[in-house]
Protein chains: 4
Amino acid sequence: MEPKLTIDEKKKIKRSTILNAAIKLYSENGFAETKVAEIAKEAGVSFGTVFTYFDSKEALYESVFLEPLEEIKTYFIEIEKHFKGEPLEVVKEMIDCHVQLFSMRNEYLRIIQQVLARPDRFPKLFNELNDFVNGFIVSIHPVIEAGQRLGYFYEEPTSLIAKSYLSILNGMRLTFVDESTSMMWKEITRQALRLFGPITNKG
Amino acid sequence: MEPKLTIDEKKKIKRSTILNAAIKLYSENGFAETKVAEIAKEAGVSFGTVFTYFDSKEALYESVFLEPLEEIKTYFIEIEKHFKGEPLEVVKEMIDCHVQLFSMRNEYLRIIQQVLARPDRFPKLFNELNDFVNGFIVSIHPVIEAGQRLGYFYEEPTSLIAKSYLSILNGMRLTFVDESTSMMWKEITRQALRLFGPITNKG
Amino acid sequence: MEPKLTIDEKKKIKRSTILNAAIKLYSENGFAETKVAEIAKEAGVSFGTVFTYFDSKEALYESVFLEPLEEIKTYFIEIEKHFKGEPLEVVKEMIDCHVQLFSMRNEYLRIIQQVLARPDRFPKLFNELNDFVNGFIVSIHPVIEAGQRLGYFYEEPTSLIAKSYLSILNGMRLTFVDESTSMMWKEITRQALRLFGPITNKG
Amino acid sequence: MEPKLTIDEKKKIKRSTILNAAIKLYSENGFAETKVAEIAKEAGVSFGTVFTYFDSKEALYESVFLEPLEEIKTYFIEIEKHFKGEPLEVVKEMIDCHVQLFSMRNEYLRIIQQVLARPDRFPKLFNELNDFVNGFIVSIHPVIEAGQRLGYFYEEPTSLIAKSYLSILNGMRLTFVDESTSMMWKEITRQALRLFGPITNKG
DNA sequence: TATGAATGAGTGTTCATTCAT
DNA sequence: GATGAATGAACACTCATTCAT
């Protein structure tokens, strides 16, 4: 018995197929060097169909960027909702979660890097990222402050700690393109934590 | 008295003018969205002249990438030649130097990020960067080891420390696109140092 | 009542329109001096369309050369199928047919000459012509031999007769570019026949 | 002792070097696909020098075509000056001479074919060839007529015989691109002669 | 809704020609 | 006279987008 899907569900699935094909190819080839025809082929549809679901190549890129961002955002904005406990524990868990997220969403992260590298080309998307960063700074602020009060974290401006943490997250993706052993992620987590406070004991 | 330049000197200057124009535009617009005609205009020459000095748009991009890399390399490979003293001092000075370098070579760093984001598109250049990273790891190794023996640095694999340091350097450029107060660079330096060992005192 | 054409039929027609325009212009202007835009204009399509039907200017030239050759081949290879009777009759009819063919396919013959004039530039096409010539030599061989046995034809190697016949056919096209009276073709036929054997009586 | 050359002689030699390089390359690559820079390289001069001796690429092509033609002309126009004796002997010797000429001036003949193939592109040069053909027809006329009166030659219009003879000469160059045994030239000579009259005995 | 043929603006590259040295 | 750097018109080809079927 084949599953009965409503027309709307079918459309949603096809749209999503195209979107995923686009994420893959945009991340590999960049905006300019990705051809709509290739996306269509990857998605298994005719390239006319791409334009049925997305107004233009540009609009598709925006969707590719914005839609996954919403999901990722929750792990960066609603920190105290996702991670509970002592500040040190919260930060540890958060870093674990983010590092795992970044290691899994490899392709999507390249899209982010592309946008970061071209602020003038993608101003709308770039501003979304700025908002994202600022939202994270605001959101992580009480956690760091609490940690500082308890003497766990460095007495730095919380925004500096937040930004340097985002830097290392982003930078790792650039610097460790090929490596992806779970081992490594564990170690990286430890190094990221050291931007918050001195962690001398191993493990 | 007008300066007398030999033909060879003139050619060198013109080549360099084109190269600099190319760095500017490639970094702003990426490889694909930079037009050779724009580079020519920026350099103040006809676009035919660009092809007198560089075989193709691609070859120009390679030169744009490789030539400044040679210069930057010296500050990452010949560490003990540039920075002397106690391990902690060496690392502090090195980070200062690198952060300053990165803040000054803003445009060139975008080129590096473009290459990092497209390993399959620019395999030759990407491998150059890999060599660069490995060279740095080898070169920094004795310094970190000495610091570890003195109890200043974390007991981590030196390659992990080196890589996480490169990550934050790279990531900063992505995360702090617009900001460039000297204040900030000072603070960043401190955070970078914390990947090597616990630095609790300010300044 | 307008004719209902399937999409495939329409495509075939359009392809053929482009091919014919290309034959005309390539024959007039040669490969290098024919612009794809001109072919498109002559065919009444946009030049983008030319690339929908042919991969490149070069591929179009190959099609222009190869496709009509197939048709012409039949009159040179399947000689005993097309022309029946006494050897002398066969050759007379064959020459008539070939001369007529050559006078009608004026444009196409120039393409052949271009290829003959540039063996290194069009090696694939040139080899096709070589095969064609050799096929003719083999095919005409029994006819000439029979004629020789009957005493009608010169006792020369059949390949020499065949080649000299092809030479005069080809050469006529070069030497008599402008002339095309039916009178002339009749006379030429007679001269061609004289390469096979002595024809002293007029008409 | 090195030979002392006047400046004028040196110039003549250099001009001739360029001209010969041009014959070689134009014949191989055609007008459009031959680059002036290549001709210069082949001649061992800078390409600026080519323009010192010839006004333009086009003018060089004209010289390449016209200057050797003058030399060849003499063997086609001044027939009775070069070849003496009975009409049959004159024609035999002439054909020998022409065939030899054509087999030696391979490259130049390709230039002629290029011009013949593009009457509209090279009208001036094409007309030169027309004049050449007509000159030959006029010049050979009395010889053929004499041969006809003696019963050696076919009773065809002398212009037809002349033209068909030129056709086979030209065509051979096209049809036998690669072959060049002296054997073959001997045989071809015999076939060419058969356009004038019936030659049944071998040798 | 899905398709893919048609379109033509846009771009890298070539190369004859000029001209300052 | 000889050179070759500079120029820019010209052209093949790509590809996003449209639209008839």
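Note that these values count all heavy atoms, side chains included, but never hydrogens, waters or copies made by symmetry. Below, chain A is the first sequence line, B the second, and so on; all start at residue 1.
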Taking only side-chain nitrogens and oxygens of B:K14, does any of them come within less than 4.0 Å of OP1 or OP2 of F:dA6?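 Yes, B:K14 has a side-chain N/O under 4.0 Å of OP1/OP2 on F:dA6.
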Would you say D:T49 reaches F:dT3's phosphate, i.e. side-chain N/O to OP1/OP2 under 4.0 Å? yes
Applying ring pair (Phe, Tyr, Trp, His ring centres under 6.0 Å), name anything that partners B:Y26, two or more places apart in sequence or on another chain. B:F31, B:Y61
Output yes when a side-chain donor or acceptor of [X] lies under 3.5 Å from a complementary backbone atom of [Y], and no otherwise.
| X | Y | result |
| --- | --- | --- |
| D:S27 | D:R110 | no |
| A:E33 | A:G30 | no |
| C:S16 | C:K12 | no |
| B:Y108 | B:F65 | yes |

Results of side chain to side chain donor-acceptor pair (under 3.5 Å) for D:E67 - residues two or more places apart only: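 Residues passing side chain to side chain donor-acceptor pair (under 3.5 Å) with D:E67: D:R15.
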How close or far is atom [atom2] of [N] from atom [atom1] of [X], stated in whole angstroms?
| X | N | atom1 | atom2 | value |
| --- | --- | --- | --- | --- |
| C:L25 | F:dC11 | CG | P | 13 Å |
| C:Y61 | F:dA12 | OH | P | 15 Å |
| C:I39 | F:dC13 | CD1 | P | 11 Å |
| D:E38 | E:dC15 | CD | P | 8 Å |
| D:K11 | F:dA2 | NZ | P | 8 Å |
| C:F54 | F:dA12 | CZ | P | 16 Å |
| B:K41 | E:dT11 | NZ | C1' | 16 Å |
| C:D8 | E:dT3 | CG | P | 17 Å |

Range-with-range stems for DNA chain F, at least three Watson-Crick or G-U pairs under 3.5 Å: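 If one scans DNA chain F for consecutive Watson-Crick or G-U pairs, the stems found are E:2-21 with F:2-21.
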Got a sec, which residues hit side chain to side chain contact (heavy atoms under 4.5 Å, CB included) with D:N127, two or more places apart in sequence or on another chain? D:N130
For C:Y53, report the nucleic acid contact type (base, sugar-phosphate, nothing); a contact means any heavy atom under 4.0 Å. sugar-phosphate
Using a strict threshold of under 4.0 Å (side-chain N to carboxylate O), is an ion pair present between D:E128 and D:K124?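 No salt bridge links D:K124 with D:E128.
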Does the protein touch nucleotides 16-21 of chain E at the base, only the backbone, or not at all? Give it as B, S and - per nucleotide, heavy atoms under 4.0 Å. SBB---
Can you list every pair that meets side-chain hydrogen bond (donor to acceptor under 3.5 Å, both in side chains) and has a residue in residues 50-60 of chain C, with sequence neighbours left out? C:E58-C:R121
